[in-house]
Amino acid sequence: MAVAGSKRTLAEMLLISVLVWSAAARPSLNHLENHFSAENESEEVRSAAIKRLLEVFGMEDPPAVHRHQQPPQYMLDLYNTVADVDGVTKDPNLLEGNTVRSFFDKLRSEQVEFRFNLSNVARTEKILTAELHLFKLRPQATATFNRHHFCQVSVYQLLDTSRSNVTQQRKLLSSRLIPVHSTGWEVFTITQAVRSWMVDEGSNLGLHVVVRTLGGSHVDLKLIRFASGRNHHRSKQPMLVLFTDDGRRPTTLESSDPNDTEVTSSLPQTPISAPSSRSARSLDNSEDDGASMPCQRLPLYVDFEEIGWSGWIVSPRGYNAYHCKGSCPFPLGQNMRPTNHATVQSIINALKLMKGIETPCCVPDKLFSINLLYFDDDENVVLKQYNDMVAGSCGCH
């Protein structure tokens, strides 16, 4: 009996030990609450940071993802003209305004009527130039048309006579001669129409294209043909290109001189890839070790894929914003690009003439804009310039 009792006691002791070990191995309720609280706080910080970044780019919400859409070649070429491989503006004077939008024809008509939805353009934006891009197809060979070398193409704005005092049903916007046997893009200025549509959205009835011979007679649409939104590849579809200015202005630090070789030379000439998290972490530690490091410009890569924006941004995939770091010790040399105020402040600090006067700060003294090529919610492609996005050089201020 004594042996059996000792066995029961041993079993009970083993059970108690297991329970105690299990309780010790499980995280406490407070620990779990703290863990979830930290996760929620981290998610809140990320959400707030993304929202603030969207505000920098002038958006309330990220546009819809259009991974399989191909942007118009015109917009790709325009982006490559105004921006370098990192998205930095080559010359601020190359682009009219700071926003370019491309719209495809919403009617998708087989005829020569076109209509574009401009609802995504803010009423506050200044309309600078609007262009209708039509792709002229190669004409069919006919004996009756071989004697003609040019035709007159006119673009009209369709008017609603029931809503206004006008009696005409259309208004001439642009007209010019085009070689009959040519093929390729033809561009017509339609700025007046778009400006009127922005004032009264309901007046947007579309555009009408008329083709005539030099004698004034109408031309068979089978002879002079433009690609339509219904029967032709997206790369040839009718397109409206709109140049606007949203009123944003660069700070006084933004360089507007394309011949500013001193600042431009400090920008990267080759694409800079995003550093790995490990190398970035070691770089930060090494920088913290040397508080006496002189004021200088250091890399700061913004990766749109890591942020989760690669689905709607066409170019660039990211850009190097750079940041300024380092000390501004007395005496300030000209290589630190000090302002007169910074020089005086460093002298007061060195002589300890007043309490609480710190040394000057290492900050950007030149800023550059970047260009973003992206899809909006309606699958339109937008090219937009954003000011003050890249630290071109650093100085003591």
Side-chain angles (χ1 to χ4, degrees), residues 56-59 70-103 118 120-122 124-135 174 184-191 194-195 235 239-272 302 304 312-322 364-376 380-393:
V56 171
F57 287 101
M59 304 175 186
Q70 181 66 25
Q73 189 61 43
Y74 175 84
M75 297 299 289
L76 291 172
D77 293 341
L78 184 61
Y79 173 84
N80 291 327
T81 299
V82 302
D84 66 10
V85 291
D86 223 18
V88 179
T89 303
K90 295 178 181 178
D91 181 349
N93 300 315
L94 287 175
L95 193 63
E96 184 181 12
N98 55 22
T99 307
V100 185
R101 290 183 175 87
S102 59
F103 304 85
L118 307 180
N120 279 2
V121 183
T124 55
E125 290 189 39
K126 182 180 180 181
I127 306 299
L128 301 176
T129 302
E131 298 175 345
L132 175 65
H133 292 222
L134 299 177
F135 190 87
S174 179
W185 287 101
E186 300 291 345
V187 180
F188 303 88
T189 302
I190 57 168
T191 310
V194 174
R195 285 176 177 169
S235 62
M239 183 173 62
L240 169 63
V241 178
L242 186 59
F243 295 80
T244 68
D245 193 313
D246 61 10
R248 290 179 292 109
R249 289 291 175 265
T251 67
T252 55
L253 298 181
E254 182 98 9
S255 175
S256 59
D257 183 4
N259 298 318
D260 191 351
T261 54
E262 178 185 0
V263 178
T264 305
S265 63
S266 66
L267 289 170
Q269 300 302 312
T270 56
I272 296 180
V302 180
F304 292 133
W312 54 273
I313 292 181
V314 179
S315 285
R317 295 183 177 179
Y319 76 100
N320 205 331
Y322 292 97
D365 59 2
K366 285 292 182 183
L367 293 171
F368 291 90
S369 60
I370 66 165
N371 299 266
L372 216 61
L373 188 69
Y374 64 92
F375 286 98
D376 67 10
N380 304 313
V381 175
V382 182
L383 169 62
K384 204 170 185 68
Q385 282 188 352
Y386 297 93
N387 301 322
D388 312 332
M389 300 296 287
V390 175
S393 61

**Asked** Are the side chains of Val56 and Tyr386 in touch, meaning some heavy atoms are under 4.5 Å apart?
**Response** no

**Message:** On a heavy-atom basis, which atom in Asp84 and which in Tyr79 lie closest, and how many Å separate them?
**Reply:** O-OH, 4.2 Å

**Prompt:** How far apart are the closest heavy atoms of Phe243 and Tyr74, and which atoms are they?
**Reply:** CZ-OH, 3.5 Å

**Asked** Looking at CD1 of Ile127 and CG of Leu118, how far apart are the two atoms once the value is rounded to the nearest 0.5 Å?
**Response** 8.0 Å

**Request:** Taking the side chain as every heavy atom from C-beta outward, state whether Trp185 and Gln73 have any pair of such atoms under 4.5 Å apart.
**Result:** no

**Item:** Spatial distance of atom CG (Asn380) from atom OG (Ser102) [nearest 0.5 Å]
**Value:** 6.0 Å

**Message:** Checking Thr189 now: which residues fulfil side chain to side chain contact (heavy atoms under 4.5 Å, CB included) with it, not counting sequence neighbours?
**Reply:** Thr191

**Asked** When you look at Leu373 and Leu78, which way does the side chain to side chain contact (heavy atoms under 4.5 Å, CB included) test go after all the steps?
**Response** CA-CA 10 Å; Leu373 188 69; Leu78 184 61; over 6 Å; no

**Item:** Flag side-chain contact, heavy atom, 4.5 Å: Val382 against Asn120
**Value:** no

**Nearest-0.5 Å distance that lies between atom CG in Asp388 and atom CZ in Phe368** = 11.0 Å

**Request:** To the nearest 0.5 angstrom, please state how far the CG atom of Leu95 sits from the CD atom of Gln385.
**Result:** 5.0 Å

**Complete:** Residues passing the side chain to side chain donor-acceptor pair (under 3.5 Å) test with Glu131, sequence neighbours excluded, are His133

**Asked** So which heavy atom on Gln70 is nearest to which on Leu76, and how close?
**Response** NE2-CD1, 4.0 Å

**Message:** With side chain to side chain contact (heavy atoms under 4.5 Å, CB included) as the criterion, how do Phe375 and Val314 come out once you've worked through the C-alpha distance, each side chain's angles and the decisive distance to 0.1 Å?
**Reply:** CA-CA 7 Å; Phe375 286 98; Val314 179; 3.7 Å; yes

**Request:** Using a 4.5 Å cut-off on heavy atoms from C-beta on, say whether the side chain of Leu372 contacts that of Pro316.
**Result:** yes

**Prompt:** Quick one: does Asp86's side chain have a donor or acceptor within less than 3.5 Å of a partner on Val88's backbone?
**Reply:** no

**Message:** I'd like to know whether Val121 forms a side chain to side chain contact (heavy atoms under 4.5 Å, CB included) with Phe103, so could you lay out the CA-CA distance, the side-chain angles of the two residues, the decisive distance to 0.1 Å, and finally the verdict.
**Reply:** CA-CA 11 Å; Val121 183; Phe103 304 85; 3.7 Å; yes

**Item:** Residues which pass salt bridge (charged side-chain N to carboxylate O under 4.0 Å, His left out) with Asp246, listed by chain and number, not counting sequence neighbours
**Value:** Arg248, Lys384

**Request:** Check Lys126, Glu96, Arg101 against Thr244 for a side chain to side chain contact (heavy atoms under 4.5 Å, CB included) and give me the one that passes.
**Result:** Arg101

**Message:** Does Met389 form a side chain to side chain contact (heavy atoms under 4.5 Å, CB included) with Thr89? I'd like the steps, not just the answer.
**Reply:** CA-CA 10 Å; Met389 300 296 287; Thr89 303; over 6 Å; no

**Asked** Can you name the closest pair of heavy atoms from Leu128 and Arg195 and give their distance?
**Response** O-NH2, 3.5 Å

**Asked** Would you call the rings of Tyr319 and Phe304 parallel, tilted or perpendicular if under 30° counts as parallel and over 60° as perpendicular?
**Response** tilted

**Asked** Of all heavy-atom pairs between Asn98 and Gly247, which one has the smallest distance, and what is that distance?
**Response** ND2-N, 4.5 Å

**Asked** Between Ala130 and Leu242, what is the shortest heavy-atom contact and its length?
**Response** CB-CD1, 3.7 Å

